Visitor: 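Below is a structure I'd like to ask you about.
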Protein chains: 2
Amino acid sequence: MSEMSKSILDQMLCFEVYSTEHAFSRLYKTLLAPLGLTYPQFLVMILLWENDDQTVNGIGGQLGLESSTLTPLLKRMEKSGFVRRQRDAEDERRVRVSLTETGDALRHEAKGIGTCVADATGMPGAELKALLLELRKLRNGLATHNLAAE
Amino acid sequence: MSEMSKSILDQMLCFEVYSTEHAFSRLYKTLLAPLGLTYPQFLVMILLWENDDQTVNGIGGQLGLESSTLTPLLKRMEKSGFVRRQRDAEDERRVRVSLTETGDALRHEAKGIGTCVADATGMPGAELKALLLELRKLRNGLATHNLAAE
DNA sequence: TGCGATTTAATCGCGGGCGATTTAATTTGA
DNA sequence: TCAAATTAAATCGCCCGCGATTAAATCGCA
């Protein structure tokens with residue numbers, strides 16, 4: 001596959017990214033179901049565990065999600081009892097999202113998940129790390145292009 | 001970042017895959033909108049352009065999608081006039097999906113898209129190819145694990 | 001032969017995901 | 001000062017994605 005055209009390469013790459021994401025999603029679904037979290041909800045939790053009390057846009061910026069996606073998602077998380085949503089007193093346009101006791105405690109139950117997934121990949125840490133960096137490069141390239149188009 | 005734990009690595013990797021997929025999806029959306037296709041619909045078209053007249057399960061197997069996802073998607077594609085859906089006379093359980101004239105002709109209009117995306121990545125072909133192989137490895141690892149869990 | 005098991009799509013309900021639009025709060029600047 | 005521009009979330013309609021279930025056709029085997 002050395003004389004492959006760029007466009008065929010792209011076709012295969014977009015397919016790989018597409019199906020790898022689905023594979024991750026499926027794996028996480030089974031691991032997260034006992035905790036009562038979905039995969040995107042888990043990503044939000046990771047951000048909040050790292051840095052509690054963030055705005056909707058703040059979270060959206062890090063995950064690349066619009067408020068039209070996040071608002072209903074956060075409402076479901078609120079209903080599940082993991083987060084609180086309250087208007088910022090300083091700036092009433094903003095909604096601040098923060099962990100409840102339950103949400104904070106969930107951190108410990110989620111402890112083993114990462115290692116479990118890393119093992120499921122069947123790839124050594126060094127290789128995963130290299131892949132991570134390549135993906136970041138790719139994403140930055142695409143993001144730059146998406147921005148330029150506006 | 002050399003003494004990173006496997007679970008942190010996993011967190012970052014799943015995030016990268018997640019957001020890279022979204023970045024691809026957004027880019028394709030803008031490119032495909034003029035053709036009247038969505039990104040998953042485009043993936044189906046690629047399969048049919050390569051190999052016309054496939055069953056729902058055949059397509060689903062290649063894309064990793066369930067009939068519960070494909071049936072409505074294919075119905076929308078049929079309504080758009082790109083494919084035909086008809087019961088297989090040999091085996092009435094099967095539904096065969098085939099290109100219409102319009103769908104086949106669309107192949108030419110989609111010509112430039114691959115190159116366009118490959119350019120948008122801002123990465124040289126060799127690097128993309130290497131990334132492709134790494135992703136395939138990762139996906140196969142995850143898929144194997146998902147199967148083993150059943 | 002005929003009946004239970006299997007296979008194939010379709011359906012349903014729910015949770016994402018986004019573009020376009022709306023509403024409300026804040027900022028800007030004439 | 002105060003009206004226009006901007007910003008933050010929310011809402012709406014549509015498309016995807018899956019698990020669970022269903023309906024129908026086929027297969028397999030006693």
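All values reported here derive from a predicted model rather than from experimental measurement. Naming convention: chains lettered A, B, ... in sequence-line order (proteins, then strands); numbering from 1 in each chain.
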Visitor: What is the distance from OH of Tyr28(B) to P of dC18(C), rounded to the nearest Å?
Guide: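 The answer, rounded to whole Å, is 17 Å.
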Visitor: How would you label the contact of Gly64(B) with the nucleic acid (heavy atoms, under 4.0 Å): base, sugar-phosphate, or nothing?
Guide: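 Sugar-phosphate contact only - Gly64(B) comes under 4.0 Å of backbone atoms but never of a base.
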Visitor: Tyr18(B) and ring pair (Phe, Tyr, Trp, His ring centres under 6.0 Å): which single residue from Tyr18(A), Phe24(A), Tyr39(A) fits?
Guide: Tyr39(A)
Visitor: Using heavy-atom distances to pick each residue's nearest nucleotide on DNA chain C, tell me which of Leu73(A) and Val56(B) is more 5'.
Guide: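 Between the two, 5'-proximity favours Val56(B).
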Visitor: Within this structure, what is the CD-to-P distance between Gln54(A) and dA8(D), rounded to whole angstrom?
Guide: 14 Å
Visitor: Treating primed atoms plus P, OP1 and OP2 as sugar-phosphate and everything else as base, which nucleotides of nucleotides 19-26 of chain C get B, S or - for protein heavy atoms under 4.0 Å?
Guide: BB----BS
Visitor: Looking at dC16(D), I'd like to know if its phosphate oxygens (OP1 or OP2) sit under 4.0 Å from a side-chain N or O belonging to Thr38(B).
Guide: yes
Visitor: Any base atoms under 4.0 Å from Leu65(A), or only sugar-phosphate, or nothing? Heavy atoms, all strands.
Guide: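 Touches sugar-phosphate only.
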Visitor: Please check: side-chain N/O of Ser67(A) versus main-chain N/O of Leu70(A), any donor-acceptor pairing under 3.5 Å?
Guide: no
Visitor: Just N and O in the side chain of Asn57(A): are any of them under 4.0 Å from OP1 or OP2 of dT7(D)?
Guide: no
Visitor: What's the CG-P distance between Leu37(A) and dG15(C), to the nearest Å?
Guide: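 Rounded to the whole Å, the gap is 13 Å.
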Visitor: What's the closest nucleotide to the Arg87(A) side chain, out of dA10(C), dA9(D), dG16(C)?
Guide: dA9(D)
Visitor: Quick one: is dC14(C) close enough that its OP1 or OP2 comes under 4.0 Å of any side-chain N or O from Arg76(A)?
Guide: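 False: Arg76(A) side-chain N/O out of range (4.0 Å or more) of dC14(C) OP1/OP2.
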Visitor: Could you tell me whether Thr55(A) contacts a base, only the sugar-phosphate backbone, or nothing, with contacts defined as non-hydrogen atoms closer than 4.0 Å?
Guide: sugar-phosphate
Visitor: Hey, is Glu92(B) close enough to Arg87(B) for a salt bridge, meaning N to O under 4.0 Å?
Guide: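 The answer is no: the pair does not qualify as a salt bridge.
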Visitor: Could you check Thr71(B) against Met77(A) and say which one's nearest nucleotide on DNA chain C is further toward the 5' end?
Guide: Thr71(B)
Visitor: Check every strand shown and say whether Arg85(A) touches a base, only sugar-phosphate, or nothing at a heavy-atom separation below 4.0 Å.
Guide: sugar-phosphate
Visitor: To the nearest Å, give me how far apart NE2 (His22(A)) and P (dG15(C)) are.
Guide: 19 Å
Visitor: Does Tyr18(A) or Leu74(A) map to a spot on DNA chain D nearer the 5' end, using the closest nucleotide for each?
Guide: Leu74(A)
Visitor: If only side-chain N and O atoms of Lys75(B) are considered, is one of them under 4.0 Å from the OP1 or OP2 phosphate oxygen of dC16(D)?
Guide: no
Visitor: Is there a side-chain polar atom (N or O) of Gln41(A) under 4.0 Å from OP1 or OP2 of dG15(C)?
Guide: no
Visitor: List the steps and the verdict of side chain to side chain contact (heavy atoms under 4.5 Å, CB included) for Leu135(B) and Val17(A).
Guide: CA-CA 7 Å; Leu135(B) 276 176; Val17(A) 173; 3.6 Å; yes
Visitor: Do we see a donor-acceptor contact under 3.5 Å between the side chains of Arg94(B) and Thr55(B)?
Guide: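 Absent: no donor and acceptor within the cut-off.
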Visitor: Mind checking what makes side chain to side chain contact (heavy atoms under 4.5 Å, CB included) contact with Glu127(B), not counting sequence neighbours?
Guide: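 Expected list: Glu134(A), Lys137(A), Met123(B), Pro124(B).
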Visitor: Could you give the CG-to-P distance, from Leu32(B) to dC15(D), as a whole number of Å?
Guide: 15 Å
Visitor: Base, sugar-phosphate or nothing for Gly61(A)? Non-hydrogen atoms, less than 4.0 Å.
Guide: nothing
Visitor: In whole Å, I'd like the distance from the CZ atom of Phe24(B) to the P atom of dC18(C).
Guide: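 For the pair Phe24(B) CZ and dC18(C) P, the rounded distance is 16 Å.
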Visitor: Which is it for Leu138(A) and Leu13(A) under the side chain to side chain contact (heavy atoms under 4.5 Å, CB included) test, yes or no, and what are the steps along the way?
Guide: CA-CA 11 Å; Leu138(A) 173 61; Leu13(A) 185 60; 4.3 Å; yes
Visitor: Between dC14(C) atom P and Lys79(A) atom NZ, what is the distance in whole Å?
Guide: 10 Å
Visitor: Check the distance between dA10(D)'s P and Arg94(A)'s CZ and give it to me in whole angstrom.
Guide: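 Answer to the nearest Å: 13 Å.
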Visitor: Classify the angle between the aromatic ring planes of Tyr28(A) and Phe42(A) as parallel (below 30°), tilted (30 to 60°) or perpendicular (above 60°).
Guide: tilted
